[in-house]
Amino acid sequence: MGWIWCVWVFVCSGFYALALHPEVYLNMEQRVKRHGYPLEIHPVTTEDGYILNMYRIPHGLKKSENEPTNKSAILLVHSSGGSPANFVTLGKKYSAAYYFADRGFDVWLFCSRGTECQNPRKHIKWDWNNDPEYWNWSFHEVGLYDLPASIDHILNVTQQKKIFHVGYSSGGPQLYALISEKPEYNEKIKLNVNYAAAVLLKEVDYPFLQVLCQLSNLFKNLYGAMGVTELTPPVFYSVLSDLVRKMCADPKWFRLCKVALSSFGSNLSTLMEDDIVELATSVFPRLSVKQATHYMDNVNRGDFRKYDYGKQTNLAVYGRAVPPRYNLTATTVPNAFFYGATDSLSVPEDNQELIGILSNVIYEEELGPSFVHLDFIFAKNASHMLYKPTVKLFKDFDAGRIPPKIVKRSKQ
Ligand SMILES: *[C@@H]1O[C@H](CO)[C@@H](O)[C@H](O)[C@H]1NC(C)=O
Ligand SMILES: *[C@@H]1O[C@H](CO)[C@@H](O)[C@H](O)[C@H]1NC(C)=O
Ligand SMILES: *[C@@H]1O[C@H](CO)[C@@H](O)[C@H](O)[C@H]1NC(C)=O
Ligand SMILES: *[C@@H]1O[C@H](CO)[C@@H](O)[C@H](O)[C@H]1NC(C)=O
Ligand SMILES: *[C@@H]1O[C@H](CO)[C@@H](O)[C@H](O)[C@H]1NC(C)=O
Ligand SMILES: *[C@@H]1O[C@H](CO)[C@@H](O)[C@H](O)[C@H]1NC(C)=O
């Protein structure tokens with residue numbers, strides 16, 4: 001038993017030497033307030049009963065005397081397992097949400113079902129903590145229900161006809177699932193900007209993940225047999241998230257956290273500052289089993305298809321044994337692509353293949369050479385490498401200067 005005691009003392013000694021980032025335990029409202037920006041909370045109910053909380057940063061740090069009433073709205077969409085807080089993690093100076101708000105945009109932050117946004121997760125009928133039905137969804141449902149409810153709410157509040165959509169990682173597949181099923185949403189978006197889109201996942205360059213994805217059916221069967229729909233069941237979640245949060249805030253451990261975090265993108269990120277690690281790991285990802293296995297199946301197939309229920313159920317649901325592809329040719333909205341030269345999740349080849357399929361890509365930029373998946377939200381350089389050219393695109397659009405197709409590749 002001696003070794004258990006040793007481990008325990010070792011771990012605890014770490015916990016008592018905490019040097020917490022001042023924002024680790026702050027919620028979104030407290031963080032934004034601390035940074036000096038305004039924040040509104042907008043509850044939105046989806047067609048299938050989920051009650052989401054969208055955030056809005058209606059203006060920048062300094063509110064001008066005569067704030068224009070027709071500011072362009074931007075919807076910033078977080079990734080699966082991420083949260084709207086990802087867009088303010090870089091603090092006052094470098095965060096995407098503030099960068100856009102300070103440059104005259106009306107910034108809205110999407111909050112998908114299952115994500116903790118201020119108020120506990122809600123559904124008109126189901127309890128997220130007790131009802132397995134609550135977690136019975138994938139990026140398909142997020143795209144089909146959460147996204148249109150959020151977009152329509154913005155259009156209603158701002159009385160505008162179209163918004164800018166910025167999707168990070170799974171923001172891509174969600175939007176294309178929506179457009180495939182409800183093409184009328186092409187008309188509600190001025191421009192869609194993809195940050196490291198996780199749509200086609202053919203070339204995912206991450207051996208561990210590829211092996212893991214082979215186990216998709218095993219996951220489905222195991223979780224199905226237990227009747228569990230959330231990837232990290234609530235019993236484990238609070239323990240695990242607390243452990244990760246404390247460990248990563250500890251100087252002794254946080255290097256390990258940084259390695260773990262950045263290896264998720266591929267090569268160690270050289271662009272992520274150390275203090276971001278604590279904040280980035282302060283919200284442990286929360287995923288549904290259906291969402292995770294949907295991605296896994298698409299990685300296995302190297303294709304962008306609807307959820308695979310297994311042959312029998314597929315026949316009943318889709319009228320065919322193999323789930324159908326999403327209809328990418330239904331996309332008419334203009335698209336811009338930013339991807340990292342060394343991102344092993346959203347790899348350049350997959351982005352380029354998708355760009356070849358879509359009919360209306362006006363801008364493509366490869367960031368590099370060391371820009372990886374998490375750098376889109378956690379690298380201090382993102383503000384000048386990524387948010388700056390994004391704002392230029394938005395301003396050009398609003399001024400009617402729709403650029404001819406531009407392709408930029410990483411220089412070094
Ligand atoms: C807002 O209205 C002003 C005055 O009509 C116009 O010049 C400007 O381009 C509009 N801005 C946007 C973002 O539509
Ligand atoms: C999840 O939804 C599918 C249909 O979309 C249904 O067949 C299945 O029974 C549901 N499972 C749970 C646990 O609610
Ligand atoms: C639009 O906003 C008005 C006023 O806030 C509200 O009464 C109405 O229900 C909203 N409509 C939709 C479709 O959300
Ligand atoms: C995909 O969308 C396009 C444009 O709306 C349509 O012409 C085409 O028939 C669709 N394809 C499928 C397979 O539904
Ligand atoms: C990682 O970085 C090394 C050197 O910087 C490079 O040669 C290699 O291609 C990179 N790997 C990936 C997966 O991008
Ligand atoms: C990151 O930003 C710093 C300072 O703004 C700059 O010196 C450096 O070259 C940038 N790195 C990359 C890879 O762009």
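Every heavy atom of this structure was used, including side-chain atoms; hydrogens, water molecules and symmetry mates were not. Sequential numbering from 1 along the given sequence is applied to the chain's residues.
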- Query: Just by distance, do the side chain of Trp135 and the backbone of Trp128 share a donor-acceptor pair under 3.5 Å?
  - Reply: yes
- Message: Strictly by disulfide bond (SG atoms under 2.5 Å apart), give each pair with a member in residues 122-221 just once, sequence neighbours left out.
- Response: none
- Message: If the condition is salt bridge (Lys or Arg N to Asp or Glu O under 4.0 Å), which residues does Lys202 pass it with, not counting sequence neighbours?
- Response: Glu353
- Heavy-atom side-chain proximity of Thr331 to Asn360 below 4.5 angstrom: no
- Item | Pairwise salt bridge (Lys or Arg N to Asp or Glu O under 4.0 Å) hits with a residue in residues 138-167, at least two apart | Arg113-Asp146, Glu141-Lys290, Asp152-Lys188
- Should Glu47 and Lys182 count as an ion pair when the cut-off is N to O under 4.0 Å? yes
- Message: Would the distance check show the side chain of Asn186 and the main-chain N or O of Val333 forming a donor-acceptor pair, the cut-off being under 3.5 Å?
- Response: yes
- Note on the structure: Exactly one of Ser170, Ser138, Ser80 clears side-chain hydrogen bond (donor to acceptor under 3.5 Å, both in side chains) with Gln291, and that residue is Ser80
- Indicate yes or no: at least one non-hydrogen side-chain atom of Asp343 is less than 4.5 angstrom from one of Leu367. no
- Message: Students often mix this up, so state it plainly: with edges at 30° and 60°, are the rings of Phe304 and Tyr326 parallel, tilted or perpendicular?
- Response: tilted
- From CA spacing to verdict: salt bridge (Lys or Arg N to Asp or Glu O under 4.0 Å), Asp398, Lys190: CA-CA 9 Å; Asp398 279 340; Lys190 273 192 253 191; 2.7 Å; yes
- Taking side chain as C-beta onward, heavy atoms only, is Phe100 less than 4.5 Å from Phe164? no
- Query: Got a sec, which residues hit ring-ring contact (aromatic ring centres under 6.0 Å, His included) with Trp108, two or more places apart in sequence or on another chain?
  - Reply: His42, His153
- Return yes if some donor-acceptor pair links the side-chain N/O of Gln214 with the main-chain N/O of Val211 below 3.5 Å, else return no. no
- Message: Test of understanding: with side chain to side chain contact (heavy atoms under 4.5 Å, CB included), list the residues that count as partners of Phe219, not counting sequence neighbours.
- Response: Leu212, Leu215, Tyr223, Leu231, Thr293, Met296
- Message: Please check: side-chain N/O of Thr46 versus main-chain N/O of Ala149, any donor-acceptor pairing under 3.5 Å?
- Response: no
- Query: Distance-only, no hydrogens or angles: does the Ser95 side chain make a donor-acceptor pair with backbone N or O of Leu90 under 3.5 Å?
  - Reply: yes
- Query: Between Asn335 (side chain) and Val361 (backbone), is there a donor-acceptor pair under 3.5 Å?
  - Reply: no
- Check whether any side-chain heavy atom of Asn351 sits under 4.5 Å from a side-chain heavy atom of Ser346, and report yes or no. yes
- With sequence neighbours left out, what residues match Pro38 under side chain to side chain contact (heavy atoms under 4.5 Å, CB included)? Ile57, Pro58, His59
- Query: Do the side chain of Asn53 and the main chain of Ile41 share a donor and acceptor less than 3.5 angstrom apart?
  - Reply: no
- Query: So which pairs with a foot in residues 94-110 pass salt bridge (Lys or Arg N to Asp or Glu O under 4.0 Å), sequence neighbours left out?
  - Reply: Arg56-Asp106
- Task: Give a yes or no on whether the backbone of Asn194 and the side-chain of His165 come within a donor-acceptor separation of less than 3.5 Å.
- Result: no
- Message: Under a 3.5 Å distance rule, please check whether Tyr134 uses its side chain to pair with a backbone N or O of Gly114 as donor and acceptor.
- Response: yes
- Task: Test Leu354 against Tyr176 for side chain to side chain contact (heavy atoms under 4.5 Å, CB included), laying out the working first.
- Result: CA-CA 11 Å; Leu354 178 59; Tyr176 294 120; 4.2 Å; yes
- With sequence neighbours left out, write down each residue that passes side chain to side chain contact (heavy atoms under 4.5 Å, CB included) with Pro389, or none if nothing qualifies. Phe338, Tyr363, Glu365
- Task: Output the distance between atom CE (Met54) and atom CZ (Phe110), rounded to the nearest 0.5 Å.
- Result: 8.5 Å
- Message: Does His123 form a side chain to side chain contact (heavy atoms under 4.5 Å, CB included) with Asp131? I'd like the steps, not just the answer.
- Response: CA-CA 10 Å; His123 186 277; Asp131 300 327; over 6 Å; no
- Query: Does Tyr309 have any ring-ring contact (aromatic ring centres under 6.0 Å, His included) partners at least two apart in sequence or in another chain, and if so, which?
  - Reply: Tyr307
- Item | Validation row, ring centre Tyr339 to ring centre Phe376 under 6.0 Å | no
- What do you reckon, is CD of Gln312 surrounded by more than 12 foreign heavy atoms closer than 6.0 Å? no
- Message: Quick test of your reading of the model: are Glu116 and Arg286 salt-bridged, counting only N-O distances below 4.0 Å?
- Response: no
- Taking side chain as C-beta onward, heavy atoms only, is Leu200 less than 4.5 Å from Ile357? yes
- Could you tell me which residues satisfy ring-ring contact (aromatic ring centres under 6.0 Å, His included) with Tyr98, sequence neighbours excluded, listed by chain and number? His35, Tyr37
- Task: For residues 215-225, pull every pair meeting salt bridge (Lys or Arg N to Asp or Glu O under 4.0 Å), keeping only residues two or more places apart or in separate chains.
- Result: Lys220-Asp297
- Enumerate the residue pairs fulfilling salt bridge (Lys or Arg N to Asp or Glu O under 4.0 Å) with a member in residues 310-338, sequence neighbours excluded, ordered by first and then second residue. Asp303-Arg325
- Task: Give a yes or no answer on whether the side chain of Asn298 reaches the backbone of Leu201 with a donor-acceptor pair at less than 3.5 Å.
- Result: no
